[in-house]
Colleague: 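What follows is a structure written as C-alpha cells; I'll ask about it next.
Chain letters run A, B, ... following the sequence lines, proteins first and then strands; every chain starts at 1. Computed over heavy atoms, backbone and side chain alike; hydrogens, waters and symmetry mates excluded.
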Amino acid sequence: MPKNRNKWSLRKILIRVFFIILPFVILLFIRSSFILLQWKELPKYLVFIISIITGVFAIMALFFSLDRMVSQFPRTVSEKIRPYIFILPAVAILILYLLYPMIRTVLISFMDSKGKVFNGLKNYIYIFTDSHMLVSLRNSALWIVFVTFFTVALGLVIAVLVDKIRWEKLAKSLIFLPMAISFVGASVIWRFIYYYKPPGEVQIGLLNAIVTSFGGKPQGWFLLKPWNNFFLMIIMVWLLTGYAMVIISASVKGVPKYLVEAARIDGANEFTIFFRITIPYISKTILTVATTILIMVLKVFDIVFVMTNGQFDTSVIAHRFYLESFVYRNFGRGSALAVILLIAVIPFMIWNIRKLYESGGSNG
Amino acid sequence: MEDSMKKILVVLLMIMTVASLWAGGKTEKSTEEGTVSTDTSMPLEGKKVTVFSTLTEGDFDACMKPFEERTGIDVIHEPTRDFESLITVRVEAGDPPDVAIFPQPGLLADFAADGIIMDLYEWIDKSYLEKQYNKTWLDMSTFNGELAGLWWRVSCKSLVWYPKKKFEAKGYKIPQTWDALIALSDQIVADGGTPWTIGLESGGATGWVATDWMEDIMLRTASPEKYDQWVAGELPFSSPEVKHAAELMGQIWLNPDYVYGGATGIVTTPFQNGADPLFTDPPKAWLHKQANFVVDFFPRKGDEMKTGDIDFFYFPPIDPKYGKPVLGQGEQLAAFNDRPEVREFMKYIATGESTKAWLEKGGFISPHNDASLDWYPTEASRKIAKMLLDADTVRFDASDLMPGAVGAGSFWSEMTEYVAGKDLDEALADIDKSWPR
C-alpha cells in the first residue's frame with residue numbers, strides 16, 4: 001500500500017467521524033420534529049413548515065448523508081452495503097405499514113368480536129353460512145363478472161370505433177371525462193338519476209321522469225331485486241370505461257397497418273379483422289386492463305355505501321367488511337372478510353404483475 | 001494494524017452516537033411532559049375543545065356562546081351525518097374528539113367498557129349532579145359505577161303531527177285509542193286523502209323510524225318488564241309480543257292506501273322530508289309520527305306551530321292495561337380527553353344554562369332540573385315536557401340500547417326489508433340470529 005494512503009491526519013479522522021455521525025444527527029432531527037408535531041398547541045403554519053422541512057429536505061439529507069457514511073467504509077465493503085442502505089427505508093415502511101397490519105388482520109380473523117379471544121374458524125364459518133353474507137359474496141361475484149366484462153368490452157369497442165373517426169380526440173375526451181369524478185361524486189350524481197317521488201309529484205329523478213313521460217309508473221329502482229345490483233354496477237362501468245378505452249386505444253394504434261391491409265386484400269371484412277387480427281394482437285393489453293379493473297371492482301365500497309348502504313340485498317364484501325368492523329364493531333368478522341378479500345385479490349395481482357413483465361413493451 | 005484500529009474506532013464512535021441518540025430521545029420526552037404540566041397553570045383563554053356530534057350547527061353553537069364568552073375557551077363543533085361509523089373510526093385511529101355527543105347509549109356503553117371514556121364523577125361533584133338530573137337519567141349513563149355521559153337534550157318520540165287548522169276544518173277528531181286512529185285513517189281514505197306520511201331513509205342509519213314505531217307499539221301492547229327483557233335480549237324478536245307489535249305497525253305501513261307513496265315512498269323518502277306532505281294545500285297526507293325534533297325540518301323551522309298551522313297529539317294507547325307510556329330518546333355528552341378546558345366544558349354542560357338558547361328557540365327539551373319551564377317558547381314544548389313527566393311509563397329508545405350489531409344494524413335493516421316486502425317471520429328470525437351472544 002502506498003504510504004500516503006495510510007496516513008491518518010487528525011483532520012481526516014474528524015471528517016470521517018463527522019460523516020459517520022451525520023445520519024444519526026439527521027435522524028435525531030427527524031425524530032424531534034415528530035415529537036414537536038404531536039404537540040396539539042402548535043400553530044398551523046409551523047406544522048406546515050416543519051412538515052415540509054422534515055418531509056422533503058431532512059429525508060433528502062438523510063439519503064445523501066447515508067451515502068456519504070457508506071463511502072467511509074473500505075470500498076469493497078461499501079459497495080456491498082450501499083444498495084441495502086438505499087432500499088432499507090422502503091422495506092421498513094413496507095413491513096410497518098403493509099406486512100405487519102396484514103399479519104395482524106389474519107390473526108384477528110381467528111378471534112372473537114373484540115379481537116382478543118381465540119375463536120377458531122367461527123368467523124369464516126359464519127361468513128360462508130349466513131344468508132346476508134352469502135348474498136354479499138354473490139353480489140361481489142356479479143360485480144366481478146359484469147363490471148369487468150362490460151367495462152373492457154365497451155372500452156375495446158369504443159377504442160376500435162373512435163380509431164376510425166375524424167374527431168377521435170373529442171370523443172375520447174368525453175368518454176374519459178367520468179374518470180375525473182370520484183366514486184362518491186358519481187354516486188351522488190346517479191342518486192338523482194334514480195330518485196323516486198310518489199306518483200303525481202314532479203319526478204326529479206331522470207329515469208322516473210322518462211318513465212312517467214311515457215305514461216309509466218315511477219319505480220323505486222333500489223327496491224327491484226336483484227336488478228338493483230345492476231343499477232349500481234352501471235355507475236362503475238360508466239366511470240371506468242374511459243380508463244379501459246384509453247389504454248386499449250393506445251394498443252390498437254400499435255396494430256401494424258400492413259397486417260390489416262393484407263387481411264383486406266385477402267377479402268376479410270371489418271368484423272373478421274376485429275376478431276381475428278385486432279383482438280389477438282392486443283390480447284395482453286386487454287387482459288392487463290381486465291385484471292386491473294377486476295381488482296378495483298373487488299374493492300368497491302363507495303358506490304354501495306352512498307347509494308343503498310347495502311340495503312335490499314345490494315351489499316358487497318368490502319361493504320360488509322365496513323359494517324362488521326365499524327358499525328357492529330365485530331373486529332373478528334371484519335378481519336375475516338378482509339382476509340377473504342385479500343385471498344381473492346392475490347391471484348389476479350400476481351397474474352397482473354407477471355403479464356406486465358412479460359408484455360415488456362412488446363404490444364405497444 | 002492501523003486498518004483494524006480504524007474499524008475499532010468506527011465501531012466505538014457508532015456506539016457512542018447511538019448512545020447519545022438514546023439519551024437525546026429521553027431528554028426530548030421529558031421536555032414534552034414538561035409542556036403538558038405547564039398547561040395546567042396556564043389560563044384557559046384561547047384553548048380549544050372539539051365536539052363531535054349529529055346536532056344542527058347553529059343551534060348548538062348558540063348554546064355555547066355564554067360559555068365561550070365567560071371562559072375564552074373555543075368550542076369547535078364538528079357535526080356529521082354519519083356519527084355511528086365515524087366515531088368508531090376516529091377512536092380506532094387514536095384520534096378521538098375531546099367530546100362526542102352520543103345519540104346511542106349502546107355505543108357509548110361499548111366505549112365505556114373499553115375504558116376510554118372519562119369518569120365524570122371524578123370531574124364533577126356527585127351530589128351536584130344528583131341535584132341537576134333525575135336519577136333515571138344518571139342511571140342510564142352509569143356503567144360499572146362510572147358516569148360516562150351527561151344528558152343534554154332529550155326528546156319525546158310518541159308524537160303524531162297533523163296540520164291543525166285544515167284537520168279541524170275537515171271535522172277530524174284527535175283519536176284517543178288505536179281503534180280510533182285506524183278509524184280516522186279509514187275516514188281520510190274515504191274522503192279521498194292519504195292519512196300517513198313516513199320517511200325512512202337516513203343514510204347509514206336507514207330504518208330507525210321503523211324501530212321507533214315498533215318500540216312505541218311494544219310499550220302499548222306489552223308490559224314495561226317485557227320491554228326491558230326485549231332490550232336485554234331475553235325476549236326474542238320472534239316472540240309473539242314482538243311479532244304482534246310488528247304486525248300492528250304493518251297494519252298502517254303496508255297498506256298502500258294509508259301511506260303516501262306506499263312502501264316504496266316510505267323506503268326512499270329521507271326522514272327529514274317525511275313531514276313535507278303535511279304542509280301542502282290540500283295536505284297530501286294528514287298524519288306524521290315523529291319525535292319533537294322533527295320541528296327543525298319543517299319548512300319554516302317551527303313557526304308553523306306558533307301560527308297554529310300544525311300541532312301534535314299523543315300517539316294513542318292500544319291496550320288500556322298499559323296506560324299512557326312515553327318513548328323517549330336523548331343525546332349525552334361523553335369526554336375522551338382529560339384536559340382542564342374539557343373539564344370546564346363538561347361542567348358547563350351539566351347546567352341548564354347550556355341549553356337555554358336552543359330551549360328558547362323551540363324544538364328542544366332539556367333534562368336539566370334547573371332549566372326553567374318558563375324558558376320554553378311555546379305551550380306545545382311545555383306540553384311535551386309535561387308529557388314526559390306525566391307518563392305512566394318512560395322507556396328509552398330500545399334500538400339505541402341494544403348491541404350495535406342489532407340496534408344500529410339488523411333491527412334497522414330488517415325492518416326496512418320488512419317494509420320493502422320481506423316475510424315478517426324471516427326478518428324477525430334474522431334479527432335474532434344477529435344478536436351477539
Colleague: Taking all atoms of both residues into account, what is the closest heavy-atom pair of A:F312 and B:E417, and its distance?
Modeller: N-OE2, 2.9 Å
Colleague: Give a yes-or-no answer on whether the side chains of B:T269 and A:Y196 include a donor-acceptor pair shorter than 3.5 Å.
Modeller: no
Colleague: Indicate the atoms forming the closest heavy-atom contact of B:Y260 with A:P198, along with that distance.
Modeller: CE2-CG, 3.6 Å
Colleague: Rounded to the nearest 0.5 Å, how far does CG of B:N273 lie from NZ of A:K197?
Modeller: 6.5 Å
Colleague: Between A:Y322 and B:S85, is any pair of side-chain heavy atoms under 4.5 Å apart?
Modeller: yes
Colleague: Going by an N to O cut-off under 4.0 Å, is there a salt bridge joining B:K422 and A:D313?
Modeller: no
Colleague: With side chains defined as the heavy atoms from C-beta onward, is the minimum distance between B:T264 and A:L223 less than 4.5 Å?
Modeller: yes
Colleague: First locate atom CZ of A:R329, then atom CD of B:E92, and finally report the distance between them rounded to the nearest 0.5 Å.
Modeller: 6.0 Å
Colleague: Just so I understand: if I count every heavy-atom pair under 4.5 Å between each of B:L107, B:D82, B:V406, B:L86 and chain A, which residue has the most?
Modeller: B:D82
Colleague: Is there a side-chain contact between B:T88 and A:V327 (heavy atoms, below 4.5 Å)?
Modeller: no
Colleague: Could you grab the distance from atom OH of A:Y126 to atom NZ of B:K433, nearest 0.5 Å is fine?
Modeller: 7.5 Å
Colleague: Which bit of B:D110 is near chain A, if near means a heavy-atom gap under 4.5 Å: side chain, backbone, both or neither?
Modeller: both
Colleague: Go through the atoms of B:I87 and report whether side chain, backbone, both or neither lie under 4.5 Å from a heavy atom of chain A.
Modeller: neither
